[in-house]
2 protein chains.
Amino acid sequence: MDDDVVGSARLRTGRRLYESAVTNPADVPEATVSRLPQYLRALSALAEAGLRTVSSEALAEAAGVGSAKLRKDLSYLGSYGTRGVGYEVGELHQHIADRLGLTSSWRVVIVGIGNLGHALAGYGGFASRGFGVVGLFDVDPTVVGEVVSGMPVRPLDELEATVREGGATIGVLTVPAAVAQGVCDRLVAAGVTSVLNFAPTVIRVPEHVDVRKVDLASELQILAFHAQRKAHAPGAPGHVRVGEVV
Amino acid sequence: MDDDVVGSARLRTGRRLYESAVTNPADVPEATVSRLPQYLRALSALAEAGLRTVSSEALAEAAGVGSAKLRKDLSYLGSYGTRGVGYEVGELHQHIADRLGLTSSWRVVIVGIGNLGHALAGYGGFASRGFGVVGLFDVDPTVVGEVVSGMPVRPLDELEATVREGGATIGVLTVPAAVAQGVCDRLVAAGVTSVLNFAPTVIRVPEHVDVRKVDLASELQILAFHAQRKAHAPGAPGHVRVGEVV
DNA sequence: TAGATTGTTAATCGATTAACAATC
DNA sequence: TAGATTGTTAATCGATTAACAATC
């Protein structure tokens, strides 16, 4: 699990000593990056089902996208398919996992061990995918000391020391909105460069830090928008166009 | 809270009897829809801070976007600003809330009361935003009957009856991937038309049903991709270009 | 070789952005 | 009126899609 920094240069298959034809990670479009985890999951499922090779058509179906999009996405990573045959399931899985950095071991801290923090700390998907939780933190003295999934909840004071000693680079924020920015600043100061923010607020970070936001309320509101759109659509039951004489 | 179907036609401000110039909800771009909750949140914060009016520049700053994008987004909803002045905070909040359908009361069921289901059931943001939880479900007999946030967990058998009687149209899936499709099918058959899927699997639904997916593992993997990109970037410590003679 | 399927091209579509005329 | 700020235009950018030449 502990590959070195130039991990992707390793020559597992004995092919491609020079990767000049392969796109740089920086050149992979963001929309493509966001779909790589889906492809990885689909490939895992296909491997478990015993398949050795898969066509772009079948893999796309399993991942819930169109086959043209899938082939375009994979083309950004390089050419790992065989015309007339398809993709070798295990090999493609390995390539994508490499590109996603899942062959490194990323160290994660979770700050805010409320309901959601508890749920995330107990999430089995961390370890199996190259993510190791190295610290759980909370301010609440009644929560501090509690053991969650085999790991004690520490006081917030110990945040910086643990991040530094544990070498954590990913921070998960499950704190109230009001304190999210402050906690984030401390994480960044201690060396975290990637933040997954569950707090319902905008947080600002220096340019070298990545933030992704997961927002339950927003997701529900977007669903509500479309539900309302359906209800108001012409032809929908009870729909009346504004200004229309009924 | 219980506005009727033509709620957005109500004439709160006495203006705009005919809305012909205003875009249909169907015409609001998806990217814009996904930002409306952020704007709503920013407006709430500004209102709490006592502001009456706000410029696109200041609102954009609070929402974490550019001002040009904000003005373009708002233009899809209609013209609620005043040139030379800005937007009236309360009025704009009301308009966006209307468009998102938050003045209706959406009924929600949550299926799968594990760690994450617990967290969501206890989430305070539901009620305050026009979402009412009308049912919690699990298959596990040791969980069924437990009272979570004042509501008893019911056996899965009662899913259809509760969805129908409660008039739920939104279903939240916090079940294992293996059973997600089956539970989703039952939700849809019972009348749910919007699904928020936390299960790490692709689920298929009829065309009239909306699905949004929240996926912790994917989010972490996307962060890992960018972290790896940073580590491999030219100039990064320890970076060696593939094929380069060191 | 014939059939199958990739990888790539080019057209289309949708989103972002800067600039500025309209107008309060 | 003069200053400020919106709403819209048009250019640019990025993502999607269908079609098909390349090739196994």
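Numbers restart at 1 for each chain; the letters A, B, ... are given by sequence-line order, proteins then strands.
Taking atom CG of A/Leu74 as the reference point, atom C1' of C/dG7 lies 10 Å away to the nearest angstrom. Atom CD in A/Glu61 sits about 15 Å away from atom P in C/dT5, given to the nearest Å. With rounding to whole Å, B/Leu59 atom CG is found 13 Å from D/dT6 atom C1'. Atom-to-atom, OH of B/Tyr87 to P of D/dA4 comes out at 18 Å; the value is rounded to the nearest Å. Separating the CZ atom of B/Arg83 from the P atom of D/dT5 is a distance of 14 Å, rounded to the nearest angstrom. When the C1' atom of C/dT5 is taken as reference, atom OH of A/Tyr80 falls 19 Å away, rounded to whole Å.
For C/dT6, the OP1/OP2 oxygens have no side-chain nitrogen or oxygen of A/Thr82 closer than 4.0 Å.
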| message | B/Val192 vs B/Val209, test: side-chain contact (heavy atoms from CB on, under 4.5 Å). Steps then yes/no. | response | CA-CA 8 Å; B/Val192 161; B/Val209 176; 5.6 Å; no

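Heavy atoms only, all atoms of each residue included: B/Thr201 and B/Ala180 are closest at CG2-CB, 3.8 Å. Smallest separation of non-hydrogen atoms from B/Tyr87 and B/Ser55: CD1-C, 4.5 Å.
Atom-to-atom distance recorded for B/Leu216:CG and B/Gln221:CD is 9.5 Å, nearest 0.5 angstrom.
Using a 4.5 Å heavy-atom cutoff, the side chains of B/Ile170 and B/Arg107 are not in contact. Put simply, the side chain of B/Val202 reaches to within 4.5 Å of the side chain of B/Arg204, judged on heavy atoms. Between B/Thr169 and B/Ser194, every side-chain heavy-atom pair lies at or beyond the 4.5 Å cut-off.
Across residues 43-52 of chain A, not one residue has a non-hydrogen atom less than 4.0 Å from an atom of DNA chain D.
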| query | What string of B, S and - do you get for nucleotides 11-19 of chain D 5' to 3' if you count protein non-hydrogen atoms under 4.0 Å? | reply | ----SSBBB

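No donor-acceptor contact under 3.5 angstrom links the side chains of B/Thr193 and B/His208, judged on distance only.
Using Watson-Crick or G-U wobble geometry with both donor-acceptor distances under 3.5 Å, D/dA4 finds its partner in C/dT23. When Watson-Crick and G-U wobble pairs are counted only if both distances are under 3.5 Å, D/dT9 pairs with C/dA18.
In this pair, A/Phe126 and A/Phe131 present their aromatic rings perpendicular. The plane angle is above 60°, beyond the 30 to 60° band.
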